[in-house]
Novice: 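Submitted below is the structure of interest, expressed as structure tokens.
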Amino acid sequence: MPTITKLYTLQEASDHNKKEDCWVVIDGKVYDVTSYLDEHPGGDDVLLAATGKDATDDFEDAGHSQTARDLMKDYCIGELDPSPPQIIPELEIVSKQQSINLKDLLQYKILRYCAVPAAMIGIAVVVGLLYNRKK
């Protein structure tokens, strides 16, 4: 009789990211390491940092022994769902009050990039003329 393996999404696994409930994903398998956190030789913070992502590279980079790999089997609770995640398109909701027409945008840019510098130049010219008139 074939063994039925539970499939989890990466999002489901990443929801278990606390010391009281910690899952990690390594090499396509999902592990509930909550009860192992205190025993982990690298400390619980290493395992907690591995939640919410595929931690295969982190696991391999640490150079785990065969004993560690064998121990993992005790904590395996399922596999990562291989199907691609459903992408929900974002909706752009713009109310009539929020919409900006081209005319308003041009007026804003003119004010921001032309009117303020022109006013500063005008003030400088007036101050210069007043200064030269007093001489």
Novice: Could you list all the salt bridge (charged side-chain N to carboxylate O under 4.0 Å, His left out) pairs where at least one residue sits in residues 32-47, not counting sequence neighbours?
Specialist: Lys19-Asp38, Lys19-Asp44

Novice: Could you pull out the closest heavy-atom pair between Leu47 and Val24, with the gap in Å?
Specialist: O-CG1, 3.7 Å

Novice: Side-chain heavy atoms under 4.5 angstrom apart, residues restricted to Ile, Leu, Val, Met, Phe, Trp, Tyr: same cluster for Tyr75 and Tyr8?
Specialist: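 No, Tyr75 and Tyr8 fall in different hydrophobic clusters.
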
Novice: In terms of hydrophobic clustering (I, L, V, M, F, W, Y; side-chain heavy atoms under 4.5 Å; direct or indirect links), are Ile26 and Val33 co-clustered?
Specialist: yes

Novice: State whether the side chain of His64 and the backbone N or O of Phe59 hold a donor-acceptor pair below 3.5 Å, judged by distance alone.
Specialist: yes

Novice: What is the minimum heavy-atom distance between Glu20 and Thr34, and which atoms define it?
Specialist: O-CG2, 3.3 Å

Novice: Using the test salt bridge (charged side-chain N to carboxylate O under 4.0 Å, His left out), find all partners of Lys73 that sit at least two apart in sequence or belong to another chain.
Specialist: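 If we apply the salt bridge (charged side-chain N to carboxylate O under 4.0 Å, His left out) test to Lys73, skipping adjacent residues, the hits are Asp70.
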
Novice: Kindly indicate, with the supporting measurements, whether the criterion side chain to side chain contact (heavy atoms under 4.5 Å, CB included) is fulfilled by Cys76 and Val30.
Specialist: CA-CA 6 Å; Cys76 185; Val30 180; over 6 Å; no

Novice: Would you kindly confirm whether Ile77 and Met72 end up in one hydrophobic cluster when ILVMFWY residues are joined by side chain heavy atoms under 4.5 Å apart?
Specialist: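 Shared cluster, no.
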
Novice: Can any side-chain N or O of Thr51 pair as donor or acceptor with the backbone N or O of Ser14 at less than 3.5 Å?
Specialist: no

Novice: Test of understanding: with side chain to side chain donor-acceptor pair (under 3.5 Å), list the residues that count as partners of Gln11, not counting sequence neighbours.
Specialist: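 With neighbours one apart ignored, the set is Asp15.
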
Novice: Could you give all pairs that pass the salt bridge (charged side-chain N to carboxylate O under 4.0 Å, His left out) test and reach residues 55-67, with sequence neighbours left out?
Specialist: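 Passing the test, one end in residues 55-67: Lys53-Asp58, Glu60-Arg69.
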
Novice: Considering residues at least two apart in sequence or located in another chain, which fulfil the salt bridge (charged side-chain N to carboxylate O under 4.0 Å, His left out) criterion with Glu79?
Specialist: Lys29

Novice: Quick one, Val25 and Leu10 - any side-chain contact, counting heavy atoms below 4.5 Å?
Specialist: yes

Novice: Working to the nearest 0.5 Å, report the span between CD of Gln66 and CG of Leu71.
Specialist: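 One gets 11.5 Å once the value is rounded to the nearest 0.5 Å.
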
Novice: Run through the side-chain heavy atoms of Ile, Leu, Val, Met, Phe, Trp and Tyr, join any pair under 4.5 Å, and report what else lands in Leu129's cluster.
Specialist: Ile121, Val125

Novice: Linking I/L/V/M/F/W/Y whenever any side-chain heavy atoms sit under 4.5 Å apart, do Trp23 and Tyr36 land together?
Specialist: no

